[in-house]
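Take a look at the structure set out below.
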Amino acid sequence: MSEIVTRFAPSPTGLLHLGNVRTALLNWLYARKHGGRFLLRFEDTDRERSEKQFIQAICDDLGWLGLDWDGDILFQSDQAAQHRQALDRLAEQEMAYRCFCTEGQLALDRKLAASRGLPPRYSGRCRSLASEESASRAEHEAHVWRLPVHRDDGEVIVPDVLRGDVHFACHDLDDPVIVRSDGSFTFLLPNAVDDAIDSVTHVMRGDDHLSNSAYQVWLLQHLDMAVPAYLHHGLLLGRDGAKLSKRSGSHSAAELRQEGLMPMALMQAMVRLGHPNISEDALSLDALMQHFDARHVSTTAIRWSDDDMWRWHTRLLHNLPAEALLAQVREHLPEADESFALLVQGNMERAEDVLAYRRMLDAGTALSEEAESVANDAGNTFYRTALDAWNGMARNENDWKIWVQAIKEGTGRTGKGLFMPLRVALTGALHGPEMSGIVGFLGEGGVRKRLEDMIQRIS
RNA sequence: GCUCCCAUCGUCUAGUGGUCCAGGACGCCGCCCUCUCACGGCGGAAACAGGGGUUCGACUCCCCUUGGGAGUACCA
């Protein structure tokens, strides 16, 4: 079996969005899983809308996600000569023709067809122009190039690995434009021809391309080029079941990165779509790849929800090695050290949650309203008792147990009423790590300072 | 309108004619652990869209309906 080659072929007209990310990931996984190559090719045929900044942004995002590509970045525009040549070959065989219809005419045609309940297809007006006439008019008339796909008989078969052969009757297909009146190519031909040039063996893309594939299969066959295996996956929908849009919860990768999302969280959520029961400790891209199976790439439309992704974020955060964890924590609390980060690691969903524990690092940190009400409820004498007990005891490894026992006896408080005021005084938060760990972290002076501050605050 | 794709718990899915009064994961609910949050442990509710066939037998095959998605551009 020859080498598997997949590609991700974005157009540099915008940022990488969730749907793109999934397509890129799927192609990457497929290639890597089978020891093949994964190519990155920018489809910059739409000169109007292509922008350099997006090329950089997309590369950055892919890098952020850990999706590396093989070889140089490819650009569709570099293959212009090949595209031209392909067009010439088609024209020679009369498998492409010039169309001189104006956009106004076409719009009218469509309107007319619609009013008669017919599909809005190209009328075929220019299809059978004599080649001499066509050539001579071309010298002074604007025109596009079309493919004569539409006809009464015959069909085009799109070989799809996931759903079997998909049949399209030529009768239902249109004569698509492949070259615009400004001479530039539309997506159809360059995309297919480049795949052939680049020896792409498997094309994984959204099923919004299914009908495009019909045209491209037609094209490749008439060009005597290899037709790749297609895997048209179902599209991502918003959580409301409607097309994924900004409103329904779509983001650009860049946006998520800014929000502090760990890229692996996104990868986790995405790879697991369609894959039942990937073991939960498959936390790396490599591990995920081991479990990836293209047969599980689903053909159904999938509801995407950010929740799962963020849950993975939390899970990943809880499993982060100290160094990486500290880096994230310090973005919000620069004065944090490793022992602090490790102490609160299990008690945060996102790195910014450490802000709730600022008081552990800065004894003077003010209290939230809730915390203050807990403190007031306990009262000044409670804290005095606690401070006295703390000052009066011998220091040893059971500081916490001995201390809390002493306070219990001194105040008569137990359970929540005993622990919460202490927790609030020492951390500023109503929840968090176990108290013994907190006391250990703050140390003798640290605890004293916070109790003294507390006494002052509520006196 | 036309064409194509899709259809199992809330979600992602397992299931390729009998092993399924449908299994898992996430979520949800309850209990346990517990000062709190989280973790962990245990348990629970929760689905074959509907109707026709085919068959001894249908979640599985066929048809229709319904529902959802996509395309129908000189966007990709």
Side-chain angles (χ1 to χ4, degrees), chain A residues 9-14 43-46 48-50 76 99 101-103 106-107 110 113-122 142-146 158 160 162-163 166-169 171-174 176-188 190-191 205-215 232-237 239 241-243 269 272-280 296 298-305 307-308 311-312 314-315 318 344-349 353 356 374 404 413-424 427 429-435:
Chain A
S11 61
T13 55
E43 309 228 316
D44 50 353
T45 46
D46 187 4
E48 298 267 308
R49 304 197 307 156
S50 292
Q76 192 150 73
C99 171
C101 299
T102 64
E103 296 200 52
L106 296 173
R110 270 193 292 271
S115 73
R116 292 167 58 197
L118 296 170
R121 270 197 297 269
Y122 176 60
H143 60 276
V144 300
W145 283 89
R146 286 180 186 274
V158 177
D160 187 298
L162 301 175
R163 40 191 115 204
V166 180
H167 298 246
F168 290 88
H171 179 76
D172 295 318
L173 296 172
D174 206 353
V177 171
I178 55 168
V179 179
R180 305 183 183 96
S181 53
D182 67 358
S184 66
F185 282 87
T186 63
F187 155 85
L188 245 28
N191 177 263
R205 42 158 53 157
D207 66 12
D208 51 338
H209 278 291
L210 204 38
S211 50
N212 284 332
S213 295
Y215 295 115
H232 292 98
H233 62 250
L235 259 23
L236 241 35
L237 306 179
R239 63 182 319 165
K243 192 176 175 179
R272 286 163 199 273
L273 291 177
H275 284 73
N277 316 333
I278 290 182
S279 75
E280 296 200 11
H296 283 294
S298 60
T299 52
T300 58
I302 288 182
R303 289 187 193 222
W304 171 263
S305 143
D307 296 353
D308 280 339
R311 262 189 284 277
W312 276 107
T314 298
R315 197 187 173 84
H318 290 177
V344 299
Q345 181 170 28
N347 298 87
M348 52 185 181
E349 294 183 357
D353 293 346
V374 168
V404 78
R413 281 176 169 259
T414 58
K416 224 170 173 166
L418 169 65
F419 288 85
M420 283 315 253
L422 291 174
R423 173 175 290 287
V424 161
T427 72
L430 281 82
H431 55 80
E434 293 205 4
M435 288 299 290

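From a predicted model like this one, the values you see are computed outputs, not experimental measurements. Just so it is clear, the values below take in all heavy atoms, side chains as well, and ignore hydrogens, waters and symmetry mates. Naming convention: chains lettered A, B, ... in sequence-line order (proteins, then strands); numbering from 1 in each chain.
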In chain order, what residues pass the salt bridge (charged side-chain N to carboxylate O under 4.0 Å, His left out) check against [X], with sequence neighbours excluded?
| X | value |
| --- | --- |
| D160(A) | R163(A) |
| R413(A) | none |
| D208(A) | none |
| R303(A) | none |

Nearest-angstrom distance, [atom1] atom, [N] to [M]:
| N | M | atom1 | value |
| --- | --- | --- | --- |
| G71(B) | U65(B) | P | 23 Å |
| G23(B) | G15(B) | C1' | 8 Å |
| U55(B) | G18(B) | C1' | 12 Å |
| G10(B) | C48(B) | P | 9 Å |
| U13(B) | A7(B) | C1' | 13 Å |

If we ignore angles and hydrogens, is there a donor and acceptor under 3.5 Å between the side chains of R180(A) and S184(A)? yes

Base, sugar-phosphate, or nothing for [X], non-hydrogen atoms under 4.0 angstrom?
| X | result |
| --- | --- |
| L173(A) | nothing |
| V166(A) | sugar-phosphate |
| S298(A) | sugar-phosphate |
| T299(A) | sugar-phosphate |

If you find the nucleotide of RNA chain B closest to D172(A) and the one closest to G274(A), which residue's nucleotide is nearer the 5' end? D172(A)

Footprint string (nucleotides 67-72 of chain B, 5' to 3'): B base within contact, S backbone only, - free, heavy atoms under 4.0 Å: --SSSS

Base-contact (B) and sugar-phosphate-only (S) positions in nucleotides 27-37 of chain B, heavy-atom cut-off under 4.0 Å, - elsewhere: S-------BBB

Indicate yes or no: at least one non-hydrogen side-chain atom of L422(A) is less than 4.5 angstrom from one of M435(A). yes

